[in-house]
Student: 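To start, I am sharing the structure in question, which I have written as structure tokens.
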Amino acid sequence: RPLTFVDFYAPWCAPCKIMVPALDHIEKEMKDTALIVKINADENIQLMKDYGLKALPYILVFKKDKIVFRYEGFMSEEEMKAVIRKYAADRVTL
């Protein structure tokens with residue numbers, strides 16, 4: 001899998017909850033393209049600080065251990081898939 005798609009969420013975050021079914025669907029549908037990782041921000045405060053994240057939901061996409069995409073806020077399933085397709089197909093070497 002060329003990409004790691006990381007979703008920072010919290011159980012109390014309404015937009016985060018709305019994204020769960022979409023992330024679960026993408027995880028199954030695009031399992032060969034991207035690894036989907038869900039990180040509970042409340043349990044990983046230091047990690048949030050390390051990445052300078054101040055809001056939820058927050059998406060980070062890693063390719064070869066480098067962040068290639070950052071997004072703060074709600075994303076629809078189609079938007080998330082488009083990001084995964086774009087960066088999975090991107091032949092640029094990092």
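No hydrogens, no waters, no symmetry mates; every other heavy atom, side chains included, goes into these values.
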Student: Quick one: pull up CD in E27 and CG in D7 and give me the separation to the nearest 0.5 Å.
Tutor: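 E27 atom CD to D7 atom CG measures 10.5 Å (nearest 0.5 Å).
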Student: Check whether any side-chain heavy atom of V83 lies under 4.5 Å from a side-chain heavy atom of K86, and answer yes or no.
Tutor: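 V83 vs K86: side chains apart.
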Student: Mind checking the CE-CG spacing from M30 to L23? Nearest 0.5 Å is all I need.
Tutor: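 M30 atom CE to L23 atom CG measures 12.0 Å (nearest 0.5 Å).
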Student: How close do A22 and M80 get, counting heavy atoms only, and between which atoms?
Tutor: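 That would be CB-CE, 3.7 Å.
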Student: Work out which heavy atom in I59 is nearest to a heavy atom in M75; give both atom names and the distance.
Tutor: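 For I59 and M75, the tightest heavy-atom pair comes out as CG1-SD, 3.8 Å.
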Student: Considering non-hydrogen atoms only, spot the tightest contact between L3 and I84 and give its length.
Tutor: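 Reported closest heavy-atom pair: CD1-O, 3.3 Å.
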Student: Under 4.5 Å between side-chain heavy atoms, hopping through other hydrophobics if needed: is there a path connecting F74 to V20?
Tutor: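 The answer is no; the residues belong to distinct hydrophobic clusters.
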Student: Grab the two heavy atoms, one from A88 and one from K63, that are nearest each other, plus how far apart they are.
Tutor: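 Looking at all heavy atoms of both residues, the shortest contact is O-NZ, 4.1 Å.
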Student: Does L47 share a hydrophobic cluster with Y9, counting links as ILVMFWY side-chain heavy atoms below 4.5 Å and allowing steps through other members?
Tutor: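 No; tracing contacts between hydrophobic side chains, which count when under 4.5 Å, never links both residues.
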Student: Indicate yes or no: at least one non-hydrogen side-chain atom of K54 is less than 4.5 angstrom from one of E72.
Tutor: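 Side chain of K54 against side chain of E72, heavy atoms only: no contact under 4.5 Å found.
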Student: Could you tell me which residues satisfy side chain to side chain donor-acceptor pair (under 3.5 Å) with K17, sequence neighbours excluded, listed by chain and number?
Tutor: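 Side chain to side chain donor-acceptor pair (under 3.5 Å) check on K17 returns nothing, list empty.
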Student: Between K81 and E29, does any side-chain N to carboxylate O distance fall below 4.0 Å?
Tutor: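 Yes, K81 and E29 are salt-bridged.
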Student: Who pairs with D50 by side chain to side chain donor-acceptor pair (under 3.5 Å), at least two apart in sequence or on another chain?
Tutor: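 Listed in chain order: Q46.
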Student: Excluding sequence neighbours, so at least two apart, what forms side chain to side chain donor-acceptor pair (under 3.5 Å) with Y58?
Tutor: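 Y58 satisfies side chain to side chain donor-acceptor pair (under 3.5 Å) with R70 only.
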Student: Nearest 0.5 Å please: distance from the CD1 atom of I26 over to the CD atom of E78.
Tutor: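 If I round to the nearest 0.5 Å, the distance is 8.0 Å.
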Student: Got a sec, which residues hit side chain to side chain donor-acceptor pair (under 3.5 Å) with D42, two or more places apart in sequence or on another chain?
Tutor: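 Checked D42 against side chain to side chain donor-acceptor pair (under 3.5 Å); matches are W12.
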Student: Can you name the side chain to side chain contact (heavy atoms under 4.5 Å, CB included) partners of V37, sequence neighbours left out?
Tutor: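 V37 satisfies side chain to side chain contact (heavy atoms under 4.5 Å, CB included) with T4, V6, L35, I39 only.
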Student: About how many Å separate CZ of F5 and CD1 of I36, when rounded to the nearest 0.5 Å?
Tutor: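 Between I36 CD1 and F5 CZ, I get 6.0 Å after rounding to 0.5 Å.
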Student: Check for a donor-acceptor pair, side chain of E43 on one end and backbone N or O of N40 on the other, with a separation under 3.5 Å.
Tutor: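 Checking the backbone N and O of N40 against the side chain of E43, no donor-acceptor pair under 3.5 Å is found.
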Student: Can you name the closest pair of heavy atoms from G73 and M19 and give their distance?
Tutor: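 The answer is O-SD, 4.4 Å.
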Student: Run the ring-ring contact (aromatic ring centres under 6.0 Å, His included) test against F69 and tell me which residues pass, sequence neighbours left out.
Tutor: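 Partners of F69 under the ring-ring contact (aromatic ring centres under 6.0 Å, His included) test: Y87.
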Student: What are the two closest heavy atoms between P15 and P57, and how far apart are they?
Tutor: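 Looks like CB-CD, 3.9 Å.
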Student: Taking the side chain as everything from C-beta on, heavy atoms only, tell me whether L60 gets closer than 4.5 Å to F8.
Tutor: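 They are in contact (side-chain heavy atoms under 4.5 Å apart), so the answer is yes.
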